[in-house]
Participant: 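Starting off with a structure, shown below.
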Amino acid sequence: MMLKYKNVDFTSSELGEVKALYERSFPQNERREFDDMLKDTSGLCKVLSYWDEDVFIGFACLLDVGSISHIIYFAVKEHLRDKGYGSRILDCIHKAEKGMRVIVDIESADTDCDNRGQRIKRKEFYIRNGYEETQVKYHWHGDDYEIMSFGGDVTRKEFSEFWRTVGSSTQGKIG
C-alpha cells in the first residue's frame, strides 16, 4: 500500500510530532529554524509528513528550484526505522517530484569519525534506492558532505546556483 503525505503548516495536527522528530534527528549545528521553513513564502520550501494509514511515520523537507528537488531534511520515527519506511518515503518523493532530479546531502563516509559506520550505512541506503554519487562535495559547519542524485546528475555549478537562488528567494532564512 502506498504511503500518503500531507503538507505541514502551523495548523497541522502533527506539527508538534514533526518538529520533535526534526529536533531529535538532526544535530543542533545542522538545523535551520524550523518555523522559518513553515513561514517560507517563496514557494520553494515544503515540509511534508508521511503516513501509513493513520500512523505518522516521518517527514521530509524539500526545496524545489528549477529541475532540482533537494531533500534537506528527512527522518523516520525511531521505532519505525529499518522497516522499509525510508525507502517507501523516497518512492513517494520520486513519484511526486517526477521529472525532477532529486538530491540529498550526506556526511562523507571518507572522513575518519566516530559515526563512520552510520555514514556508510546511510550512503548504501541511498544507493539501494537509486541514488548515484555526483562530483559535488563541500565542507559545512565543520563537516564534509557529498551530494547524491536520483534522476540525473547535478553539477557543482548547478548546486551553487541552486543555493544562490534559495538564499535570495528566502532572504537567507532557509539557504
Side-chain angles (χ1 to χ4, degrees), residues 1-8 12-27 30-32 34 37-38 44-111 113-138 140 143-154 158-159 162:
M1 172 177 241
M2 177 108 164
L3 299 178
K4 61 183 177 181
Y5 63 93
K6 299 191 265 183
N7 285 308
V8 177
S12 299
S13 61
E14 71 274 14
L15 176 61
E17 263 190 296
V18 172
K19 192 171 183 177
L21 179 57
Y22 171 71
E23 291 173 355
R24 289 191 311 270
S25 299
F26 299 95
E30 291 182 9
R31 285 184 289 195
R32 291 166 171 85
F34 189 81
M37 293 186 291
L38 296 178
L44 303 180
C45 184
K46 54 188 166 192
V47 179
L48 304 169
S49 62
Y50 290 86
W51 300 79
D52 188 358
E53 298 292 325
D54 60 351
V55 177
F56 168 67
I57 60 167
F59 83 97
C61 179
L62 293 86
L63 293 172
D64 290 346
V65 175
S67 65
I68 298 172
S69 182
H70 190 335
I71 302 171
I72 57 171
Y73 297 106
F74 167 43
V76 173
K77 288 181 74 172
E78 295 87 344
H79 72 282
L80 297 174
R81 292 179 185 161
D82 297 319
K83 298 183 184 331
Y85 282 118
S87 294
R88 290 176 65 193
I89 288 174
L90 287 179
D91 188 51
C92 282
I93 292 170
H94 300 155
K95 287 177 180 165
E97 302 293 320
K98 190 167 179 65
M100 302 279 280
R101 293 170 290 165
V102 180
I103 64 173
V104 294
D105 322 69
I106 60 169
E107 296 166 310
S108 175
D110 298 335
T111 304
C113 58
D114 293 341
N115 69 339
R116 188 164 186 274
Q118 180 186 46
R119 292 177 182 202
I120 291 168
K121 185 178 173 187
R122 185 174 296 124
K123 186 170 186 173
E124 290 170 348
F125 164 76
Y126 283 108
I127 289 170
R128 276 194 317 276
N129 283 282
Y131 285 74
E132 297 178 349
E133 293 180 351
T134 70
Q135 295 300 311
V136 182
K137 297 177 182 359
Y138 65 95
W140 183 66
D143 219 334
D144 294 321
Y145 293 85
E146 63 182 281
I147 294 295
M148 298 192 71
S149 180
F150 178 91
D153 195 22
V154 173
E158 288 175 308
F159 186 68
F162 176 93

Participant: State, yes or no, whether a side-chain contact exists between Ile106 and Tyr126 at a heavy-atom distance under 4.5 Å.
Facilitator: yes
Participant: So do Ser87 and Phe125 actually touch side chain to side chain, heavy atoms under 4.5 Å?
Facilitator: yes
Participant: Output the distance between atom OG (Ser149) and atom CD (Glu158), rounded to the nearest 0.5 Å.
Facilitator: 9.0 Å
Participant: Any heavy-atom pair between the side chains of Lys83 and Ile57 that's under 4.5 Å?
Facilitator: no
Participant: Grab the two heavy atoms, one from Ala60 and one from Ile93, that are nearest each other, plus how far apart they are.
Facilitator: CB-CD1, 4.0 Å
Participant: Kindly indicate whether the side chain of Val18, heavy atoms from C-beta on, has any atom under 4.5 Å from the side chain of Phe34.
Facilitator: yes
Participant: Can you see which heavy atom on Asp82 is nearest to which on Lys121, and at what distance?
Facilitator: OD1-NZ, 3.6 Å
Participant: Go through Met37 and Tyr73 one step at a time and tell me if the side-chain contact (heavy atoms from CB on, under 4.5 Å) criterion holds.
Facilitator: CA-CA 11 Å; Met37 293 186 291; Tyr73 297 106; 3.8 Å; yes
Participant: Can you confirm whether Asp105 sits close enough to Trp140 that some side-chain heavy atom of one is under 4.5 Å from a side-chain heavy atom of the other?
Facilitator: no
Participant: How close do Val47 and Cys61 get, heavy atom to heavy atom, and via which atoms?
Facilitator: CG2-SG, 4.0 Å
Participant: Taking atom CG of Leu15 and atom OG of Ser49, what is their separation to the nearest 0.5 Å?
Facilitator: 10.0 Å
Participant: May I ask you to say whether Arg119 pairs ionically with Asp143, meaning some side-chain N is under 4.0 Å from a carboxylate O?
Facilitator: yes
Participant: Only pairs at least two apart or in different chains count here, so list each salt bridge (charged side-chain N to carboxylate O under 4.0 Å, His left out) that has a residue in residues 64-73.
Facilitator: Lys46-Asp64
Participant: Grab the two heavy atoms, one from Ala109 and one from Arg116, that are nearest each other, plus how far apart they are.
Facilitator: O-NE, 2.8 Å
Participant: Any side-chain heavy atom of Phe59 sitting closer than 4.5 Å to one from Glu14?
Facilitator: no
Participant: Out of curiosity, Asp52 CG to Leu80 CG, how far, rounded to the nearest 0.5 Å?
Facilitator: 8.5 Å
Participant: Is a side-chain donor or acceptor of Tyr22 paired with a backbone partner of Arg31 at a separation under 3.5 angstrom?
Facilitator: no
Participant: Holding to salt bridge (charged side-chain N to carboxylate O under 4.0 Å, His left out), I want the full list of residues that pass it with Lys137, two or more places apart in sequence or in another chain.
Facilitator: none
Participant: With rounding to the nearest 0.5 Å, note down the distance linking OH in Tyr138 to OG in Ser108.
Facilitator: 11.0 Å
Participant: When you compare the side chain of Arg101 with that of Asp153, does any pair of heavy atoms fall below 4.5 Å?
Facilitator: no
Participant: Determine whether more than 12 heavy atoms belonging to other residues, nucleotides or ligands lie under 6.0 Å from atom CD of Gln135.
Facilitator: no
Participant: Roughly how far apart are His70 NE2 and Phe162 CZ, rounded to 0.5 Å?
Facilitator: 5.5 Å
Participant: List for me each residue that meets salt bridge (charged side-chain N to carboxylate O under 4.0 Å, His left out) alongside Glu124, sequence neighbours excluded, and say none if there are none.
Facilitator: none
Participant: Quick one: do Leu90 and Ile71 satisfy side-chain contact (heavy atoms from CB on, under 4.5 Å)? Show the steps, please.
Facilitator: CA-CA 10 Å; Leu90 287 179; Ile71 302 171; 3.8 Å; yes
Participant: Could you please spell out the steps behind the side-chain contact (heavy atoms from CB on, under 4.5 Å) verdict for Tyr131 and Lys123?
Facilitator: CA-CA 9 Å; Tyr131 285 74; Lys123 186 170 186 173; over 6 Å; no
Participant: Between Tyr50 and Tyr85, is the ring pair (Phe, Tyr, Trp, His ring centres under 6.0 Å) condition met? List the steps.
Facilitator: CA-CA 9 Å; Tyr50 290 86; Tyr85 282 118; over 10 Å; no
Participant: Please assess Glu97 against Phe150 for the test side-chain contact (heavy atoms from CB on, under 4.5 Å), listing each intermediate value before the final yes or no.
Facilitator: CA-CA 11 Å; Glu97 302 293 320; Phe150 178 91; over 6 Å; no
Participant: Just by distance, do the side chain of Thr134 and the backbone of Ile147 share a donor-acceptor pair under 3.5 Å?
Facilitator: yes
Participant: Taking everything shown except Glu132 itself, do over 12 heavy atoms lie less than 6.0 Å from its CD?
Facilitator: no
Participant: Can you measure from CG (Leu21) to CZ (Phe56) and round to the nearest 0.5 angstrom?
Facilitator: 5.5 Å
Participant: Closer than 3.5 angstrom, by distance alone: can the side chain of Lys6 be matched with the main-chain N or O of Leu48 as a donor-acceptor pair?
Facilitator: no
